[in-house]
Amino acid sequence: MSSQQSSKPPYLDPNLPIEYRVKDLLSRMTLEEKIAQLSSVDVSKLLDGRKFSVEKARELLKHGVGQITRVSGSRIGLTPREAAEVANAIQRFLREETRLGIPAIVHEECLAGFMAFNATSFPQAINLASTWNPQLVERVAEVIRRQMRAVGAHQGLAPVLDIARDPRWGRTEETYGEDPYLAASIGVAYIRGLQGSDIRYGVVATPKHFVAHGVPEGGRNLAPVHVSPRELREVFMFPFEAAVKCAGALSLMNAYHDIDGIPCAASRELLTDILRGEWGFQGYVVSDYGAIRMLKTFHLVAYDERDAAIQALEAGIDVELPDRLCYGDPLLQAVREGLVSEELVDIAVARVLRVKFLLGLFEDPYVDVDRAPSLFDTEEDRSLALQVARESIILLKNDGILPIPRDIRSIAVVGPNAASTRCLLGDYSYTVHVRTAVDAVRIVSVLDGIKSRVPSSCSVYYAMGCDVSSTSKEGFDEAIAIAEKSDVVVAVLGETSGLFGSGLSGEGNDRVDLRLPGVQEEFVEALHSVGKPIILVLVNGRPLILDRIVDKCQAIIEAWFPGEEGGNAIADILFGYYNPAGRLPISIPKETGQIPVYYSRRPSSFRSYISMDAKPLYPFGHGLSYTSFSYRDLEISPSRIQPNGYVEVKLRIENTGTRLGEEVVQLYIRKDTPSVSRPVKELKGFKRIPVNVGEVKTVRFKLWAEQLAFYDRRMKLTVEPGVYTVMVGSSSEDIRLTGKFEIVGTARILDSRRIFFSHVDVM
Ligand code: BGC
C-alpha cells in the first residue's frame with residue numbers, strides 16, 4: 001500500500017499546486033487523450049435502456065472524455081437516483097478503466113432551475129430579472145447548485161446574458177431584459193449562487209451567448225447581428241465582462257451568429273483577445289451545441305469539419321458540445337498533418353484540466369445515490385419558487401379593482417392559460433424542453449391557485465374560452481355565460497413556451513408581430529361586451545402589444561412564465577396576500593413597428609411616427625403597487641469629484657399609502673454635453689426596499705465616476721469631465737428627483753473596468 005502511494009503520480013496529489021498537477025498530467029497524455037478532453041459524449045450513447053453500459057463506454061471513452069452531455073436533462077427522463085447512479089458509473093469507468101483516470105465534467109441546462117426530472121422549476125429568466133432582487137436570484141442559483149451536485153453534475157449552461165432589444169426574438173424570455181446594468185447585476189448574482197464560495201462544492205457557470213445574440217437581424221434567431229463597436233462593448237459585452245471580472249465565471253459559451261461577417265465561433269478577437277487578453281478570463285470556452293460544425297454547414301466559411309475545428313480552436317473555443325463532430329478525428333488529423341499545432345491543443349486541454357482539479361474531481365468524483373432524491377424540490381425549494389414568482393410579477397395597470405376584495409361572491413376564471421400547468425413554465429424547464437407526457441414536477445395552475453385562496457363563500461367558475469393560437473371561437477359563449485353570472489372576470493391569456501415550433505415563445509419561436517396570438521384579442525372584446533370588470537393576467541415570454549385591449553381591462557398583471565408555484569403567486573397578488581413590486585426589465589411597445597423601443601436610446605431616436613410617438617406603452621422599470629411612495633430630500637455630495645472619485649446620492653422614500661409594500665428605487669444618469677452622443681438615461685443603481693405604512697427610509701447610493709466611463713471618439717474607455725445629471729425614480733419614465741454633480745480635472749482613460757456596480761445602503 002505504502003509503495004503504491006509513493007508511486008502515485010504528482011497529478012493525483014491534492015497537496016500540490018493545481019498548475020503543477022495540470023502540467024504533470026498533460027506531460028503524460030497522448031494526443032488522442034488530449035483531444036478526448038476537448039469534447040463531450042451524449043449520455044444516451046452510453047446507456048442500455050436506463051443503465052450505464054460498460055461495453056459502450058469501452059468503445060466511446062477509451063481515451064477518456066472531457067464532458068458528458070446531459071445525464072439528467074436527456075430525453076430518457078432519469079430520476080435523480082438513476083441520474084446519480086449513471087454519473088457515478090461513468091466516473092468509475094473513467095477512473096478504473098482508462099489509462100490516466102481523468103474524471104468527466106457532466107454538463108446540464110439550468111436556466112430557471114436545474115433542467116431535470118423532479119427538479120424545482122423556478123420562474124423563467126425574464127421573471128428573475130423582473131424581481132430586481134439580485135440577492136434573491138443568488139438564492140435560486142444556490143438551490144440549483146445543490147440539486148445539480150447531488151446527482152453529479154458540474155457545469156450549468158447558464159445564465160443567458162444576452163441583452164434583448166428585439167422582442168420578436170423567441171429567446172427574449174431567457175434573458176434578463178434590455179438593460180446591461182440590470183442584466184449584469186442579476187447575472188453576477190446568479191453566477192455567484194451557482195459557483196458558490198468554494199467551487200469544490202459548486203457548479204461551473206456558463207454565461208452565454210457571447211456575444212450580442214439578443215439583437216438578431218429581423219428578430220430571427222441566429223441571424224447576423226449588426227451593432228456598432230461602441231454599443232457592442234458598452235451594452236452587449238458589459239454583463240459578460242462583469243461575469244468574468246466580478247463573478248469569476250469559469251466557463252463561457254459562444255453565440256451562433258456572425259457579427260459583420262465573422263461567426264462568433266471563429267472570432268479570435270472575441271474569444272481570445274477581448275475575453276482572455278483584456279478581461280483575464282481563466283476558464284474554458286465551450287461551443288454552443290454544434291456551433292463549430294456550423295462554420296461549415298451554416299455560415300459556409302469552413303471547407304469541412306477539420307477546417308472548422310482549426311478555425312474554432314484558433315479562435316479560442318476549448319471544448320466542443322454536445323458531441324465529437326469536429327474536435328474528434330478531424331482535429332486529430334489536423335494536428336497530425338501539422339495544420340494546427342499541438343501546443344494550441346495543450347493550451348485548451350490545460351484549461352479544461354485546471355477546472356477539473358478545481359472542482360475536486362480527482363479527489364472524489366462520486367455522489368451519494370441514496371441522498372440525491374431528498375435534495376430535489378423540497379418544501380423550502382417550493383417556497384423559494386413561490387417567493388420568486390411573487391416578486392417577479394408586475395402590476396402594469398390597476399384602476400383600483402385590485403386587490404380583489406376578500407368578500408367577493410363569484411369569479412369567472414377564463415382563458416387558455418388559466419387551467420394549464422405547462423403554460424407556466426419557460427422553454428428550458430424539463431417539462432417543456434423535453435416535452436414530457438406528464439409534468440416533471442408539481443405545478444400549480446392559476447385556477448388552482450385562485451381556488452385555494454378564495455373564501456368558501458365565493459363561487460369560482462371556469463371556462464377556457466379559446467386556445468392560445470387556434471382561430472376557433474367556439475368556446476366564447478361558455479366563457480361569456482360564466483362572466484355574466486360573476487362579479488369579476490380573471491382572463492389568463494398569453495403565449496406558451498416551447499422550442500422550434502412547439503409553442504409561441506422560446507428558442508426558435510420568433511414572431512413577426514407581438515399581438516396576443518390566435519383569437520385572444522377578440523376574446524377580450526367579447527368578454528368586455530358583458531360589462532363586468534376584467535382583470536387580465538398575462539402568461540407569456542415577451543412584451544406583447546396590448547393596444548386593442550388595454551382600455552377594456554380594469555387591471556393588467558404581467559406574470560411571464562412564473563414557474564411551478566406561479567398559480568399560487570398570481571392568486572396571492574390578485575387577492576392582496578402579497579403586494580406586487582416586480583418591475584419591467586424590458587419596455588412594452590405600443591406597436592411592433594416601433595421596435596426597438598428600449599429606454600436608453602440616444603436623444604435623436606425619439607421622433608414620432610405619423611400615427612404615434614416613439615415611446616413604449618409601459619416603460620422599462622415600470623410596475624405598480626397597492627400602496628404609494630413619495631420621494632424627497634435628494635442630496636448629492638460632493639458636488640464636484642475627480643475622475644477616480646465617487647458621489648453619494650442620498651434620498652428619502654416614504655410609504656404614503658395604506659399597506660406594507662416594496663419600492664424599487666432606480667438611479668439613472670446622463671452626461672450633459674458629452675463628446676459622443678449618449679443615451680438619454682442609463683441605469684446605474686437600484687434597490688428593492690420594503691417599507692411599512694408611514695415609514696420613511698433613507699437610501700444611499702455610492703456612485704463611482706468609473707461607472708460613468710464610456711468609449712470616446714478614439715474608442716478609449718474614458719471618464720469624461722463635465723456635468724452629470726442624476727435622475728432617481730420609480731421607473732425609467734417616472735423620475736421623481738433630479739440633481740447634478742460635476743467631474744472635474746482631466747479625462748481619465750481606463751485600461752480596464754474594475755467597478756461595475758453602485759453600492760446601496762438603506763437606513
Ligand atoms: C442553445 C444553447 C443551449 C444548447 C443546448 C442551443 O440551441 O443556443 O443556449 O445551451 O442549445 O441546450
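Both ligands and their constituent atoms are indexed starting at 1 by order of listing. Just so you know, these numbers use all the heavy atoms, side chains as well, and skip hydrogens, waters and symmetry mates.
Taking every heavy atom of Tyr289 and a limit of under 4.0 angstrom, the matching atoms of ligand 1 come to 4 (C), 5 (C). Set against the non-hydrogen atoms of Lys208, the atoms of ligand 1 under 4.0 Å away are 2 (C), 3 (C), 9 (O), 10 (O). Those atoms of ligand 1 with a heavy atom of Arg171 less than 4.0 angstrom away are 1 (C), 2 (C), 8 (O), 9 (O). Close approach of ligand 1 to Glu507 (heavy-atom distance below 4.0 Å) involves ligand atoms 1 (C), 6 (C), 7 (O), 8 (O).
Gln147 and Asp381 share a donor-acceptor pair across their side chains, judged by distance under 3.5 Å alone.
Other residues, nucleotides and ligands contribute over 12 non-hydrogen atoms within 6.0 Å of the CG atom of Asp307.
Between His433 and Tyr428, the ring planes are tilted. Angles from 30° to 60° get that label. Using bins of under 30°, 30° to 60° and over 60° for the plane-to-plane angle, the ring pair Phe238/Tyr181 lands in the parallel bin. Using cut-offs of 30° and 60° on the angle between ring planes, the pair Tyr176 and Tyr190 is tilted. Ring pair Phe114/Phe376 is tilted by interplanar angle, where 30° to 60° counts as tilted.
Only the side chain of Arg70 comes within 4.0 Å of ligand 1, counting heavy atoms alone; its backbone N, CA, C and O stay farther away. If you look at Met115 next to ligand 1, there are no close heavy atoms at all, none under 4.0 Å. With a 4.0 Å cut-off on non-hydrogen atoms, Tyr428 touches ligand 1 through its side chain and not its backbone.
At least one heavy atom of Met253 sits less than 4.0 Å from an atom of ligand 1. Ligand 1 has at least one atom lying under 4.0 Å from a heavy atom of His209.
Distance from atom 10 (O) of ligand 1 to its nearest protein heavy atom, with residue and atom name: Glu109 OE2, 2.6 Å. Here the heavy atom of the protein found nearest to atom 4 (C) of ligand 1 is Asp288 OD1, 3.4 Å.
Seen from the ring of Tyr284, Arg351 does not count as a face-on cation partner, given the 6.0 Å and 45° thresholds.
No N or O atom of His433 sits closer than 3.5 Å to an N or O atom of ligand 1.
By the 4.0 Å N-to-carboxylate-O rule, Glu109 lies close enough to Lys208 to be salt-bridged with it.
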